[in-house]
Amino acid sequence: MPNRRILSLWFPRLGAERLIRAQPHLAEVPFATVAQEGSAQVLGALSQAASLAGLRPGQPLRDAHAMCAGLLTRPAQPIQEKDFLGALHRWAGKFSPWVAVEPPDALVIDLTGCAHLFGGEEQLAHQVTQDCADLGLTVHFGIADTLGAAWALARFSQQQAAPARSGDAIDQEAPATRARAGKRRHWTRGGTAPQRPATQGIGSRIAPPGQGWSALSPLPIAALRLEPRVIEQLSRLGLRNVGDLLGQPRAPLARRFGRGLVDRLDQATGAAPEPVSPSAPPDRFALRMSFPDPIGLEEDVAEALSRMTDRLCTTLKARGRGARSLRIEAHRCDHQMCWQTVTSAVASDQPHRLMPLIRLKIPDLEAGPGIDILRLEAVMHEPLHARTRAGHLEAAQQGSRRIHGGAALEDLVSRLGARLGMEAITRRAPADSHIPEKAAQTLAAAWSQPTRDWPAPPVARPLLLWRPEPVTAPDTPRPPTSFRWRGRDWRTTGRTGPERIAPEWWLDDPDWRSGPRDYWRVQTDRGERLWLFYAHGGTVSPGWFCQGSFA
């Protein structure tokens with residue numbers, strides 16, 4: 001079996017270069033993304049121009065603007081950067097099937113048995129660098145026998161140098177000389193050892209098989225992926241290179257610095273295993289059908305899509321998934337492509353429920369001179385719970401209950417959504433609030449379940465509700481015998497109440513700045529039953545208002 005070989009790819013400017021790809025003018029000026037660390041704003045990913053201006057990742061934004069007045073910034077977008085790294089993960093699959101993601105800006109590839117397909121590791125590394133340059137990305141790589149060694153070479157190989165003096169010699173200097181040790185040119189001459197990977201330089205190296213120790217020895221101890229506290233303690237003892245630790249007894253190191261230091265050393269040298277766990281590829285469900293001659297009739301397109309839907313549903317059933325949204329692509333013989341999206345109210349793997357929705361979209365496909373290829377893809381799919389199979393009689397009863405209890409309504413919502421847009425179909429659902437106008441909420445019908453049993457209110461509520469309208473009546477808490485509302489005079493013949501409702505003190509609702517309300521059900525001489533309330537006053541004046549009408 002060939003020796004294990006690991007390739008570590010580090011993209012130090014991933015966040016900035018992702019935005020530069022969309023806005024190329026940002027590459028001409030110092031540019032950086034801004035991340036939030038607690039209450040402070042710091043620099044995230046930097047462009048090449050920003051690094052040349054002396055800026056560094058993690059630097060406070062205020063200091064960066066003071067150093068570089070022409071700095072342009074954009075907020076960091078971790079979710080989009082994660083998706084972009086996922087796209088790079090798919091690209092890296094061309095070099096090896098064993099690829100893992102190291103968030104937020106790195107990939108790990110197991111090259112065992114794959115490098116010879118590209119002419120060796122040197123040629124493979126050149127291909128990786130060239131591909132990233134074509135994509136507009138900066139990449140640092142390292143190849144070694146272990147993941148830890150490859151990780152260290154990709155990030156710290158440009159920081160290695162032959163030490164001029166040891167830490168013991170520096171400690172023996174005069175105090176005044178030691179005070180200037182941090183200002184020396186290089187960390188191997190007594191300066192502060194690097195704790196962050198450097199984004200400048202090539203940062204790439206290939207360690208020959210079996211020579212991981214010699215490749216790791218000149219690197220700083222931060223290359224072992226240690227905690228900053230441990231790095232600082234080791235630096236105080238004069239241990240600056242990895243080589244200074246490789247020759248030390250493991251037991252004293254473990255007692256003083258913890259087991260983590262020893263584990264990282266063993267992983268970097270290969271004494272302890274550190275497997276590469278590849279990310280599982282996402283489930284993709286798509287079919288394509290090519291035709292010897294172009295088609296353009298709706299019947300032909302419907303028949304082709306029907307056969308494709310049957311095959312797609314069979315695949316979905318085998319994986320326990322249901323299609324929620326389908327994408328239909330029609331590739332024409334004039335090299336044009338038109339597409340339509342079909343969204344169902346519920347995830348389904350049944351062709352007889354998906355095909356009626358697809359037929360509604362077929363007339364919107366522009367056939368033009370003819371369609372050469374049809375493609376059907378489930379762009380959104382969800383897991384479907386396993387169902388217990390029942391006997392014939394019980395299955396018939398369950399099917400009848402399902403059709404009358406919800407399946408027919410779901411199909412209706414799907415058909416209406418295909419014509420009007422799924423976001424236009426909504427339903428009402430109860431909400432957890434004692435405020436009358438907030439007792440219900442509007443939800444998207446396709447992503448919510450119908451409520452069959454509404455909770456009964458503590459007292460009767462009006463059939464119609466509207467925003468409170470002012471009522472002309474005496475400014476007293478007692479219900480008026482006559483009042484004026486909507487330009488008409490009203491006389492009360494009966495009243496029921498009051499019901500005290502207080503505002504939600506944890507929210508600042510402009511409609512409830514009038515303070516607590518006393519609600520009354522008032523019977524009028526015109527035969528109408530109105531819902532009046534007296535506002536006791538808060539930040540606005542008190543008074544009488546009308547908010548609803550009973551049946």
Side-chain angles (χ1 to χ4, degrees), residues 83 86-97 99 114 117-118 127 131 134-135 280-384 407 410-411 413-422 446:
D83 295 339
L88 294 177
H89 172 267
R90 295 192 294 272
W91 157 78
K94 64 185 289 187
F95 302 106
S96 172
V99 183
C114 299
L117 301 176
F118 299 87
Q127 182 67 40
D131 287 356
D134 295 340
L135 294 173
D283 292 329
R284 300 181 66 90
F285 302 95
L287 293 173
R288 187 180 67 174
M289 181 178 290
S290 304
F291 307 102
D293 296 319
I295 62 174
L297 298 178
E298 289 188 14
E299 294 79 4
D300 297 339
V301 175
E303 178 62 25
L305 290 175
S306 177
R307 297 183 183 182
M308 297 172 67
T309 303
D310 292 340
R311 294 173 53 192
L312 180 65
C313 290
T314 301
T315 306
L316 290 171
K317 289 179 181 178
R319 300 296 297 273
R321 312 287 295 186
R324 172 64 77 112
S325 181
L326 299 174
R327 177 184 172 94
I328 307 170
E329 297 180 0
H331 298 263
R332 307 188 318 195
C333 57
D334 59 351
H335 305 289
Q336 299 293 325
M337 188 271 287
C338 56
W339 57 273
Q340 293 291 330
T341 301
V342 178
T343 303
S344 175
V346 293
S348 176
D349 59 359
Q350 301 176 9
H352 70 275
R353 300 188 67 178
L354 297 176
M355 196 58 204
L357 306 179
I358 296 176
R359 291 182 182 274
L360 294 176
K361 295 293 185 177
I362 293 178
D364 297 332
L365 294 174
E366 295 291 340
I371 298 175
D372 282 337
I373 299 174
L374 280 176
R375 186 173 183 271
L376 182 64
E377 180 184 2
V379 293
M380 291 180 59
H381 45 85
E382 302 173 1
L384 294 181
E410 294 167 355
D411 293 342
V413 172
S414 299
R415 290 194 297 270
L416 292 175
R419 293 184 179 275
L420 306 177
M422 197 60 70

For E366, does its backbone N or O pair with a side-chain atom of R332 as donor and acceptor, under 3.5 Å?
-> yes
Look at the rings of H381 and F285 and say which category their plane angle falls in: under 30° parallel, 30 to 60° tilted, over 60° perpendicular.
-> perpendicular
Should P363 and E298 count as side-chain neighbours, where that means a heavy-atom distance under 4.5 Å?
-> yes
Taken to the nearest 0.5 Å, the spacing of L376 CG from M289 CE works out to 10.0 Å
Would you call R319 and D283 a salt bridge, using N to O less than 4.0 angstrom?
-> yes
Can you name the side chain to side chain contact (heavy atoms under 4.5 Å, CB included) partners of H89, sequence neighbours left out?
-> V99, V101, L107, S279
I373 vs F291, side-chain contact (heavy atoms from CB on, under 4.5 Å): CA-CA, chis, key distance, verdict | CA-CA 6 Å; I373 299 174; F291 307 102; 5.8 Å; no
Please assess S325 against V342 for the test side-chain contact (heavy atoms from CB on, under 4.5 Å), listing each intermediate value before the final yes or no.
-> CA-CA 6 Å; S325 181; V342 178; over 6 Å; no
Minimum heavy-atom distance between K361 and T341, given as atom pair plus value | CE-O, 3.4 Å
Using a strict cut-off of less than 4.0 Å between a Lys/Arg side-chain nitrogen and an Asp/Glu carboxylate oxygen, indicate whether R324 and E382 qualify as a salt bridge.
-> yes
Can you name the closest pair of heavy atoms from R359 and A302 and give their distance?
-> NH1-CB, 3.5 Å
CD1 of I362 to CD1 of I328: how many Å apart, nearest 0.5 Å?
-> 6.5 Å
Flag the pair L305 / M308 as yes when at least one side-chain heavy-atom distance between them is below 4.5 Å, and no otherwise.
-> yes
To the nearest 0.5 Å, tell me how far L354 CG sits from S306 OG.
-> 11.0 Å
Minimum side-chain heavy-atom gap Q127-K94 below 4.5 Å | yes
Validation row: W339, R375 side chains within 4.5 angstrom (heavy atoms) = no
Approximate separation, where rounding is to 0.5 Å, of Q340 CD and L357 CG = 13.0 Å
Nearest heavy-atom approach of S348 to L316 is O-CD1, 4.4 Å
Would you say L326 and V379 make side-chain contact, with heavy atoms under 4.5 Å?
-> no
Between P351 and D310 the two heavy atoms that sit nearest each other are CB-OD1, 3.2 Å
Euclidean distance, I371 CD1 relative to D300 CG, rounded to 0.5 Å = 9.5 Å
Going from OG on S344 to CZ on R353, what distance comes out if it is rounded to the nearest 0.5 angstrom?
-> 6.5 Å
Taking T315 for its side chain and R311 for its backbone only, find out whether a donor-acceptor pair lies under 3.5 Å.
-> yes
Any Lys/Arg nitrogen of E329 or R288 sitting under 4.0 Å from an Asp/Glu carboxylate oxygen of the other?
-> no
Nearest heavy-atom approach of L312 to A286 is CD1-N, 4.3 Å
